[in-house]
Participant: 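Take a look at this one; I'll ask things after.
Residue numbering restarts at 1 for every chain, and letters A, B, ... go by the order of the sequence lines.
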Protein chains: 2
Amino acid sequence: MARSWFTQPPEEHKEVCPVTQTQDIIAGKWKIIILWHLSTKTRRFNELQRLLPNISKGILTRQLRELEEDQMVHREVYKEVPPKVEYSLTPLGKSFLPILHSMGEWSKKYLKSK
Amino acid sequence: MARSWFTQPPEEHKEVCPVTQTQDIIAGKWKIIILWHLSTKTRRFNELQRLLPNISKGILTRQLRELEEDQMVHREVYKEVPPKVEYSLTPLGKSFLPILHSMGEWSKKYLKSK
DNA sequence: CGGGATCCCATTCGATACTG
DNA sequence: CAGTATCGAATGGGATCCCG
């Protein structure tokens, strides 16, 4: 889903639904799982890729860049050879963890695992 | 986003991330706003369409059907002429409202409105 | 009134090859 | 190691027409 605006009739009353704003941030296919894996510790790019076995580099990069744009994730580049890049949650990212947690609890409580 | 499974290497350790399961349910472009409009009261099809000015009938129907499949929304058909259909939240749908609310609060608290 | 069926389009995902 | 670039495939949204 694209970053969607919830617009009233054009030009009339543009308004953003706050819940939708939240939704947009975590809407990428892998974003939630990335946040989950970063919730406990800082991780390197390759580490994340191993944790997400079916993701390709390009996609992982894009998802991380978008989370970075939204200031959920911090990217720390070490100028070494070979390169080393570490990803971690920003304060904003950490502040979102309770919601992630409650989504998980809700799922386990109410959704029959299909 | 499609209903995505978080799979370990094929055939090896299929597992569904609970948080992702939750995400999948509300991932449709209009689902959150539909749930929002149903949170206070039962509404008819046309009423929902008026509340969501930029949605087409086909899409609204599809979003509602998917919410119904996921048992978030109940569809009550009155056998009248002209037809009358009412949508309301199921108990499952209602149980989700606190999360919707906390997503909204998080957004308003931490996200600078762009 | 409340849809279903169809077609089209934009976005996103994903595979592959290449690179500092 | 951690990317970038490119391209094709899949998904989901939207418009339009038809129907009981």
Participant: Calculate the interatomic distance between B:Gln23 atom CD and D:dT11 atom C1'; express it in whole Å.
Facilitator: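 Result: 15 Å.
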Participant: In whole angstroms, how far is the P atom of C:dC1 from the OH atom of B:Tyr87?
Facilitator: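 Those two atoms, OH and P, are 14 Å apart.
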Participant: Ignoring the backbone of A:Pro82, work out which of D:dT4, C:dG2, D:dC1 is nearest its side chain.
Facilitator: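 Taking heavy atoms from C-beta onward, the closest nucleotide is D:dC1.
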Participant: Is the backbone of A:Glu86 close enough, under 3.5 Å, to the side chain of A:Thr42 for a donor and an acceptor to pair up by distance?
Facilitator: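 Between the backbone of A:Glu86 and the side chain of A:Thr42 there is no qualifying donor-acceptor contact (under 3.5 Å).
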Participant: Identify each atom pair where a protein N or O and an N or O of nucleotides 14-19 of chain D are less than 3.5 Å apart, giving names and distance.
Facilitator:
residue: D:dG14; atom: OP1; partner: B:Lys29; partner atom: NZ; Å: 2.7
residue: D:dG14; atom: OP2; partner: B:Trp30; partner atom: NE1; Å: 2.8

Participant: Go through C:dG3, D:dG3, C:dG20 for me and flag the one nearest to the A:Pro83 side chain.
Facilitator: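 Among C:dG3, D:dG3, C:dG20, the one nearest the side chain of A:Pro83 is C:dG20.
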Participant: Distance-only, no hydrogens or angles: does the A:Glu68 side chain make a donor-acceptor pair with backbone N or O of A:Val73 under 3.5 Å?
Facilitator: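 The answer is no, because no donor-acceptor pair under 3.5 Å joins these two groups.
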Participant: With a 3.5 Å cut-off and sequence neighbours excluded, list the donor-acceptor pairs that the side chains of residues 94-101 of chain B form with protein atoms.
Facilitator:
residue: B:Ser95; atom: OG; partner: A:Trp106; partner atom: NE1; Å: 2.9
residue: B:Ser95; atom: OG; partner: B:Leu92; partner atom: O; Å: 2.6

Participant: Before you tell me yes or no, could you show the steps for A:Gln71 and A:Thr90 under side-chain hydrogen bond (donor to acceptor under 3.5 Å, both in side chains), namely the whole-Å CA-CA distance, both residues' side-chain angles and the distance that decides it to 0.1 Å?
Facilitator: CA-CA 7 Å; A:Gln71 309 190 58; A:Thr90 62; over 6 Å; no
Participant: Can you tell me how far P of C:dG3 sits from CD of B:Glu76, to the nearest Å?
Facilitator: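 The answer, rounded to whole Å, is 12 Å.
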Participant: Using whole Å, what does the distance between atom C1' of nucleotide C:dG2 and atom CZ of B:Arg50 come to?
Facilitator: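 It works out to 13 Å between those atoms.
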Participant: Indicate, with a heavy-atom threshold strictly under 4.0 Å, whether B:Gln63 touches base, sugar-phosphate, or nothing.
Facilitator: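 Sugar-phosphate, backbone atoms only, no base.
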Participant: Quick one: is B:Arg65 getting a side-chain N or O under 4.0 Å of the C:dG4 phosphate, OP1 or OP2?
Facilitator: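 Indeed, a polar side-chain atom of B:Arg65 lies that close.
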Participant: Over how many whole Å does the gap from A:Gln49 atom CD to D:dA2 atom P extend?
Facilitator: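 The distance from CD of A:Gln49 to P of D:dA2 comes to 9 Å, rounded to the nearest Å.
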Participant: Report yes if the side chains of A:Phe45 and A:Leu64 come closer than 4.5 Å at any heavy-atom pair, otherwise no.
Facilitator: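 Contact flag for A:Phe45/A:Leu64 side chains = yes.
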Participant: Quick check: do A:Lys84 and A:Arg44 have side-chain heavy atoms less than 4.5 Å from each other?
Facilitator: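 They are in side-chain contact.
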Participant: Could you tell me how far apart B:Glu66 (CD) and D:dG13 (C1') are, to the nearest whole angstrom?
Facilitator: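 Rounded to whole Å, this separation is 11 Å.
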Participant: What is the distance, rounded to the nearest whole Å, between atom CZ of A:Arg43 and atom P of D:dG3?
Facilitator: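 Distance, rounded to whole Å: 16 Å.
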Participant: Nearest-Å distance, CG (B:Leu64) to C1' (C:dG4)?
Facilitator: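 Atom CG in B:Leu64 sits about 14 Å away from atom C1' in C:dG4.
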Participant: If you look only at pairs with a residue in residues 52-64 of chain B, which of them pass as a salt bridge (Lys or Arg N to Asp or Glu O under 4.0 Å), with sequence neighbours excluded?
Facilitator: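 Found none.
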